[in-house]
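Since the model is a prediction, treat every value here as computed from it, not as a measurement. All values below were derived from every heavy atom in this structure, side-chain atoms included, with hydrogens, water molecules and symmetry-related copies excluded. Counting starts at 1 for both ligands and their atoms, following the listed order.
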Amino acid sequence: MTHQHGTQLAGHVALSLVIPVFNEAATIDLFIARITDVFKEEALVGLEMVFVNDGSTDATLDLLLERQRSDPRVRIVDLSRNFGKEAALTAGLQTATGQVVVPIDADLQDPPEVILQMIALWRQGYEVVLGHRVSRRTDSWAKKTSANWFYRLHNRISDQPLPKDVGDFRLMDRCVVEALESLPESRRFMKGLFAWVGFRTTHVDYERPERVAGETKFNGWRLWNFALEGITSFSTDPLKVWTYLGLFVSLVSFSFAIFIVLRTLITGVDVPGYASLMVAVTFLGGLQLIGIGVLGEYLGRTYIESKRRPVYLVRRVYNPKD
Ligand code: UDP
Ligand code: MG
């Protein structure tokens with residue numbers, strides 16, 4: 001599809017944008033200006049921007065409050081601290097009231113023009129319209145490669161494959177948002193949950209531009225944990241693999257034992273063997289530690305989940321009239 005402008009969007013649609021913001025003072029004005037520009041011909045679109053302030057330590061909240069004074073489209077959910085993007089998105093989705101809801105980054109890496117195409121597809125009856133990145137040109141080599149491996153591994157072992165090169169940027173019908181709200185888990189890997197709920201889905205291709213201002217909040221370590229979260233949330237294969245690995249290793253060592261007994265019977269006692277002994281001991285030790293580590297990973301998650309803590313805490317919600 002090509003970029004179309006709003007004229008084909010006749011009829012009323014209440015659109016909610018959900019924007020998680022963490023230290024985005026540099027981008028908010030640019031974001032609001034761009035939204036205003038994209039939807040200016042679309043007088044009929046009821047639009048709300050639900051900003052979720054995810055514990056920003058800069059002027060983000062003040063700036064949002066300032067904008068809200070003159071812009072009734074701005075709603076603000078102020079979280080009590082930084083809960084992470086997944087939790088912030090959850091908070092925003094629960095607050096949004098629109099018939100269609102679009103999570104979108106504040107840094108304009110998710111081009112708002114694409115939403116017009118998404119709405120057009122929604123009108124054709126789709127309940128989910130994914131924003132699909134045609135190239136990862138603006139991502140670093142490391143991010144590209146690691147993302148690629150993550151999707152391959154994840155989709156191999158998870159029951160619910162993740163669509164490739166699709167982020168949180170997507171249009172969702174209200175029924176999808178309600179389905180998401182019905183999922184009780186407190187550790188929320190949104191990409192996975194989005195995929196898990198299903199619904200009639202299509203996608204729009206777009207080029208992902210660079211961040212307009214400010215800097216990324218996701219470094220290597222955070223991305224690694226994010227990937228772990230995804231895999232452990234949607235697959236138990238890493239737990240099961242040890243059974244088979246254990247069986248295989250036992251089988252090999254059993255065969256080796258028989259071989260040694262036979263050889264000793266035939267050629268007599270053979271003392272040297274320190275090296276092979278060390279290799280076997282350290283190899284098995286390492287294997288066991290990895291196994292325990294994986295167990296720990298899941299146990300830890302079960303433990304946290306079992307506390308049934310809320311996903312996020314709200315300090316205050318600011319609606320335009322307040
Ligand atoms: N974000 C957030 N909480 C966090 C980290 C990020 O709400 O703990 C927001 C951030 O303000 C932005 C969006 O999530 O609106 C995407 O973040 P970023 O652009 O840093 O990620 P990238 O595009 O580099 O993956
Ligand atoms: Mg970004």
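Neither side chain, T201 nor R170, offers a donor N or O lying under 3.5 Å from an acceptor on the other.
The ring of F169 has its center closer than 6.0 angstrom to the ring center of Y206.
Exactly one residue among L63, I32, V18 makes a side chain to side chain contact (heavy atoms under 4.5 Å, CB included) with F51. That residue is I32.
Applying the salt bridge (Lys or Arg N to Asp or Glu O under 4.0 Å) rule to pairs touching residues 12-27 yields E24-R211, E24-K217, sequence neighbours excluded.
When heavy-atom distances to ligand 1 are checked against 4.0 Å, the residues falling inside are P20, V21, F22, E24, D54, N82, G84, K85, D105, A106, D107, Q109, K143, R208, R211, T216, K217, F218, R222, ordered by chain and number.
Near-neighbour remark for the Mg ion (ligand 2): protein N, O or S atoms under 2.8 Å are D107 OD2, Q109 OE1; waters not counted.
F83 pairs by the ring-ring contact (aromatic ring centres under 6.0 Å, His included) definition with nothing, not counting sequence neighbours.
In this structure, R156 does not pair ionically with D237, as no charged nitrogen and carboxylate oxygen lie closer than 4.0 Å.
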Exercise for review: Give the intermediate values and the outcome of side chain to side chain donor-acceptor pair (under 3.5 Å) for residues S80 and R315.
Suggested key: CA-CA 5 Å; S80 63; R315 178 179 294 114; 5.8 Å; no

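In this structure, the side chains of D78 and V317 stay at 4.5 Å or more apart for every pair of heavy atoms. At least one side-chain heavy atom of V21 sits less than 4.5 Å from a side-chain heavy atom of L64.
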